[in-house]
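Written below as structure tokens is the structure these notes are about.
In what follows, chains are A, B, ... by sequence order, proteins preceding strands, each numbered from 1.
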Number of protein chains: 2
Amino acid sequence: MSRRAAVRLIDVAEHAGVSLATASRVLSSAGAYRGRGEARERVLASAAELGYEPNLHARALAGSQSSTIALVVHDIRDAYFALIAGAVVAAAEQHGMLVTIVSTYRDPQQEARYLALLRAQRPRAIILAGSGFTNRSAADPIREELQRYEGTGGVVVTLGRQDAGHSIIVGNQEGARSLAHAMVDLGHREFAVVTGPAKLMTVRDRLKGFRRGLEECGIDLDPAAVIHGAATRESGGTVAAQLAEAKHRPTCVFGSFDVVAVGLVAGFQRLGIAVPGEISVAGFGDVPVASDITPSLTTVRLPLEQVGQQAVELALSPDPAVRRSVAFEGVVMLRDSTAAPPA
Amino acid sequence: MSRRAAVRLIDVAEHAGVSLATASRVLSSAGAYRGRGEARERVLASAAELGYEPNLHARALAGSQSSTIALVVHDIRDAYFALIAGAVVAAAEQHGMLVTIVSTYRDPQQEARYLALLRAQRPRAIILAGSGFTNRSAADPIREELQRYEGTGGVVVTLGRQDAGHSIIVGNQEGARSLAHAMVDLGHREFAVVTGPAKLMTVRDRLKGFRRGLEECGIDLDPAAVIHGAATRESGGTVAAQLAEAKHRPTCVFGSFDVVAVGLVAGFQRLGIAVPGEISVAGFGDVPVASDITPSLTTVRLPLEQVGQQAVELALSPDPAVRRSVAFEGVVMLRDSTAAPPA
DNA sequence: GAAGCGCTCGAAAGCGCTTTCAATACAGTA
DNA sequence: TACTGTATTGAAAGCGCTTTCGAGCGCTTC
């Protein structure tokens with residue numbers, strides 16, 4: 001294990017018989033530089049021969065231009081975020097950038113701490129996916145972190161929140177609204193919503209959209225019919241049991257995360273309640289498991305692939321000073337977990 | 001958006017009235033340094049007041065000690081890798097390290113390219129998860145990359161391959177072997193294996209383990225009964241159709257990735273073949289979807305959480321020169337997709 | 001009281017690169 | 001041929017930090 005030092009730019013320069021500056025210009029292909037042919041070729045050849053690899057730290061330090069993008073998610077193990085991460089990683093690599101992923105496990109304190117840690121890495125941009133605590137007070141630590149980061153020249157891209165940097169609207173509200181219409185079209189009038197922590201923007205947006213959709217159909221969503229739990233499968237199962245025992249059972253339950261809906265379906269089935277025969281269940285996200293369960297889950301498909309790609313585009317957009325905002329729409333995927341209500 | 005420069009260490013030093021060196025020592029808490037009390041306190045106070053944040057690039061450059069760990073996976077969108085990534089990210093952050101994730105989408109060329117890109121970032125360690133093309137020839141580009149990286153002082157941790165750096169055995173062989181025994185115990189004698197590309201180590205190991213398990217029970221696995229497809233749900237569906245039409249249908253099918261098994265189950269059900277009534281299906285991995293489908297999937301649970309944690313431990317282990325190897329075992333999760341063969 | 005030890009602390013030398021700045025080369029024009 | 005304008009090149013100054021090296025200090029030890 002000879003800890004032989006890595007090849008440096010100066011080694012390449014000497015080997016090619018040019019100055020350090022020239023070698024740098026050739027290899028970092030700075031703008032319009034083409035070299036007089038001769039020198040350029042020699043540098044390229046030497047670099048290849050010696051197996052030169054730039055040191056990104058040195059590059060970042062000298063050029064104050066980092067080549068990493070930071071992605072902050074709630075939980076990378078969650079399919080929803082994994083899908084976004086996949087798209088971000090793929091898009092970033094197209095631009096020769098690396099992605100640093102941080103998983104906050106839905107803890108706002110953590111999130112702020114991580115953001116601080118991340119800033120130390122001086123990433124070109126921070127993409128905040130699925131962050132979005134609805135703390136609109138002036139003292140929101142996350143917003144403060146973000147603003148500070150922007151202040152030092154960083155780019156911020158947020159998904160589902162719009163109080164900092166570029167923002168991407170992932171279609172939470174619109175999607176939920178469409179879903180509400182679809183459920184009413186199926187004949188449902190009695191609803192329950194099972195969702196996550198009220199402090200998450202995502203939760204609020206989906207709920208708001210669903211409620212608005214119902215209102216447009218002349219249906220009021222009883223606040224008591226909105227159940228806030230965790231955004232997990234287990235939570236769905238627990239709530240299913242509660243709903244099963246309720247005196248007045250809804251005909252359609254909207255689990256505002258696919259995993260929750262999956263838990264609901266499993267829960268009802270365990271209790272011998274037929275889905276969709278006796279009760280319809282819809283989810284949100286169209287994560288792979290949605291099509292895998294039986295009955296397959298009616299849900300709202302979010303274009304996560306494009307969202308991730310777009311996030312990288314915005315992250316790398318040349319003029320960060322002008323805030324941009326891009327909206328996507330969710331599309332309702334009618335599958336087997338919903339049907340007309342029992343007669 | 002005033003692009004005000006970030007606070008530097010020298011700003012802190014001046015504000016505290018100490019030298020740059022002292023400030024550095026206090027803030028990077030280098031070993032046994034405690035300061036004479038006085039100086040230390042002042043530096044800490046100044047840093048807090050000015051909101052100092054170290055520049056990791058400068059740190060890495062000067063100290064030649066990076067604070068990122070690189071994680072290479074096949075596909076971060078895949079639950080298996082997402083689970084590993086979650087554990088790695090969590091464990092890394094405990095050590096104040098950031099994780100750079102690269103997704104190679106199962107392309108060996110890509111993988112080698114990414115490894116090169118990664119090396120430019122000079123991560124403290126590279127964790128290669130689910131890499132493992134079985135190219136044992138001298139010209140394996142990935143092994144070459146890894147060895148080169150080790151040569152320059154980097155640490156390598158591999159999951160499921162053992163030709164470089166520290167290695168973690170995730171239990172592919174042992175797990176598959178146990179599963180084979182469990183299936184034979186259930187009464188099965190006729191098997192088929194549906195698996196991924198033969199060039200993946202994971203595929204080979206699981207197959208080898210399964211075959212060995214059967215042999216130990218006196219059963220030979222017909223090479224014709226091993227079907228190599230993609231490690232996807234769709235592939236499972238396709239193969240289910242093929243198996244359904246075969247003249248001699250096995251009583252138990254082992255899908256060596258959970259997703260494949262999920263596809264198999266869905267495929268058989270679509271064709272009206274009862275699982276497990278007419279045919280048993282088992283998977284490997286125990287990814288969340290395994291418990292979500294109906295019938296729930298018999299599979300082998302890999303301790304991915306611990307694997308990820310251990311990978312980080314090894315990555316950060318003080319003496320990289322001595323190669324270490326840690327083995328985990330998979331445990332068979334008998335669920336509803338398997339039963340005794342039809343009489 | 002001199003020598004020795006174990007600290008803290010400051011000056012300064014880099015880490016490997018990008019990027020001015022000034023110098024030189026070359027082409028094009030008169 | 002001389003003269004300007006443009007492209008290419010090299011020297012050198014950092015980017016923000018860690019880390020030797022050595023000076024200085026307060027002790028104990030003989």
Pairing residues for H166(A) by the ring pair (Phe, Tyr, Trp, His ring centres under 6.0 Å) criterion, not counting sequence neighbours: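 By the ring pair (Phe, Tyr, Trp, His ring centres under 6.0 Å) rule, H166(A) matches no residue at all.
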I want to confirm an ordering. Mapping A62(B) and V18(B) to their closest nucleotides on DNA chain C, which one lands closer to the 5' end?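 So the residue in question is V18(B).
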At what angle, to 10 degrees, do the two end axes of the helix from dG1(C)-dC30(D) to dA30(C)-dT1(D) meet, given five pairs define each axis?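 The end-segment axes of the helix from dG1(C)-dC30(D) to dA30(C)-dT1(D) are tilted 40° relative to each other.
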Is any side-chain nitrogen or oxygen of S24(A) closer than 4.0 Å to OP1 or OP2 of dT18(C)?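 Yes, because at least one side-chain N or O of S24(A) sits under 4.0 Å from OP1 or OP2 of dT18(C).
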Under 4.0 angstrom between T22(A) side-chain N/O and dT9(D) OP1 or OP2: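 Answer no for this pair, as no side-chain N or O of T22(A) is under 4.0 Å from OP1 or OP2.
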For R59(B), which residues count as a side chain to side chain donor-acceptor pair (under 3.5 Å) partner, sequence neighbours excluded?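 For R59(B), no residue satisfies side chain to side chain donor-acceptor pair (under 3.5 Å) once neighbours in sequence are set aside.
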Ignoring hydrogens and angles, answer whether the base of dG16(D) and the side-chain atoms of R122(A) contain a donor-acceptor pair closer than 3.5 Å.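 Looking at the base of dG16(D), it does not pair with any donor or acceptor on the side chain of R122(A) (distance under 3.5 Å).
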Do side-chain atoms of R124(A) reach the backbone of S66(A) as a donor and acceptor pair under 3.5 angstrom?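 Yes: the side chain of R124(A) pairs with the backbone of S66(A).
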Test item: S103(A) side-chain N/O and G86(B) main-chain N/O as donor-acceptor pair under 3.5 Å: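 No: the side chain of S103(A) does not pair with the backbone of G86(B).
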Calculate the interatomic distance between [X] atom [atom1] and [N] atom [atom2]; express it in whole Å.
| X | N | atom1 | atom2 | answer |
| --- | --- | --- | --- | --- |
| L9(A) | dG14(C) | CG | P | 18 Å |
| D11(B) | dC17(D) | CG | P | 8 Å |
| L56(B) | dT18(D) | CG | C1' | 14 Å |
| Q121(A) | dC17(D) | CD | C1' | 16 Å |
| R25(A) | dA12(D) | CZ | P | 14 Å |
| L61(B) | dG14(D) | CG | P | 17 Å |

Closest-nucleotide mapping onto DNA chain D: is N55(B) or S19(A) further toward the 5' terminus? I mean the 5' end.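 Result: S19(A).
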Is it true that E93(B) and R113(A) have a side-chain N and a carboxylate O under 4.0 angstrom from each other?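 Salt bridge between E93(B) and R113(A), a charged N being under 4.0 Å from a carboxylate O: yes.
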Passing candidate, side chain to side chain contact (heavy atoms under 4.5 Å, CB included) with T100(A), options V72(A), L71(A), I126(A), L118(A):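 Running side chain to side chain contact (heavy atoms under 4.5 Å, CB included) over V72(A), L71(A), I126(A), L118(A) with T100(A) returns exactly one hit, L118(A).
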